[in-house]
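Just so you know, these numbers use all the heavy atoms, side chains as well, and skip hydrogens, waters and symmetry mates.
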Amino acid sequence: GMLIYDYDERNDDMWIYMPALRKTRRIISNEKSKSFMGSEFSNADMSAPSLEDFNYTVTGSETVEGTNCWIVEVIPVNENVMDEVGYDRQLAWIGKQDFVFRKAEYYDEDDKLFKQMISSDVRQMDKSGKKYIATRMEMSNMQNGRKSVMTIDKIQYNPDVKEEYFTLGYLERL
């Protein structure tokens with residue numbers, strides 16, 4: 001299980017519960033660039049980035065798997081953010097109609113491609129047709145040849161949830 005408190009004014013708080021070890025582990029900001037549970041995804045990939053931490057430039061347009069996308073260059077604003085997210089530059093292909101990441105390339109300090117994410121199986125989350133999510137994400141590490149796939153099997157948008165669900169005690173009951 002995973003619990004993330006998403007703050008506007010400071011770094012997110014993130015915890016992971018590992019049932020096999022019966023332990024909850026807090027992920028601190030300098031660990032966000034590290035591997036998420038041994039996968040090619042990083043801990044930083046698991047939460048929404050703070051928009052103020054990056055500079056954005058639209059560099060063009062391109063079609064990805066039949067979807068017309070903007071190509072956006074994303075650059076961390078400083079060294080601390082670079083260290084936290086684990087990359088120096090990202091290119092993101094964002095769907096023009098649904099605003100979903102269709103593809104992302106992550107570059108290291110030598111401007112070499114080290115990871116690539118491909119998103120697919122985009123589904124509508126809400127009845128208004130304004131929110132979409134990719135339910136399959138494949139992250140490939142171009143330097144070590146490894147690949148991880150993350151899938152979302154069930155989406156429940158804006159459910160009626162209790163405050164107690166957002167506690168460490170509840171996380172550990174999962």
Heavy-atom closest pair, residues [X] and [Y]:
X	Y	result
Thr67	Gly95	CG2-CA, 4.1 Å
Val74	Pro76	O-CD, 4.1 Å
Tyr17	Lys23	CD1-O, 3.3 Å
Ile75	Asp88	CG2-O, 4.0 Å
Ser61	Asn68	CB-OD1, 4.5 Å

[X] atom [atom1], neighbour heavy-atom count above 12 within 6.0 Å:
X	atom1	answer
Gln143	CD	yes
Gln97	CD	no
Glu163	CD	no

Hey, could you give me the [atom1]/[atom2] distance between [X] and [Y], rounded to the nearest 0.5 Å?
X	Y	atom1	atom2	value
Trp15	Thr167	CH2	OG1	10.0 Å
Arg89	Glu105	CZ	CD	8.5 Å
Gln124	Lys131	CD	NZ	11.5 Å
Asn78	Phe54	CG	CZ	9.5 Å
Arg146	Ser148	CZ	OG	6.0 Å
Ile133	Asp121	CD1	CG	11.0 Å

request  = Among Ile, Leu, Val, Met, Phe, Trp and Tyr joined by side-chain contacts under 4.5 Å, find the other residues sharing a cluster with Tyr107 and list them by chain and number.
outcome  =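 Reading the cluster by chain and number, Tyr107 sits alongside Val64, Ile71, Leu91, Trp93, Leu113, Met142.
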
key: Apart from Val100 itself, residues in the same hydrophobic cluster as defined by side-chain heavy atoms under 4.5 Å   =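 Members other than Val100 - counting any ILVMFWY side chain reachable under 4.5 Å - are Val122, Tyr132.
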
Less than 4.5 Å apart, side chain to side chain, heavy atoms only: is that true for [X] and [Y]?
X	Y	value
Lys103	Cys69	no
Leu51	Tyr56	yes
Lys162	Tyr170	no
Thr151	Thr135	no

ask   = Going through the distances and angles, do Glu65 and Arg102 end up as a side chain to side chain contact (heavy atoms under 4.5 Å, CB included)?
value = CA-CA 8 Å; Glu65 300 292 321; Arg102 299 304 177 123; over 6 Å; no

Answer yes if [X] and [Y] sit in the same cluster of Ile, Leu, Val, Met, Phe, Trp and Tyr residues linked by side chain heavy atoms under 4.5 Å apart, and no otherwise.
X	Y	value
Phe99	Met117	yes
Phe41	Val149	no
Val72	Ile118	no

ask   = So, Glu40 and Lys147, do they make that salt bridge, N to O below 4.0 Å?
value =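 No.
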
message = Set out, in order, the CA-CA distance, both residues' side-chain angles and the distance that settles side chain to side chain contact (heavy atoms under 4.5 Å, CB included) for Phe166 and Val161, then state yes or no.
response = CA-CA 9 Å; Phe166 301 99; Val161 295; 3.6 Å; yes

query = Going by distance alone, is a donor N or O of one side chain under 3.5 Å from an acceptor N or O of the other, for Glu172 and Thr24?
reply =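 Glu172 vs Thr24: donor-acceptor pair found between side chains.
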
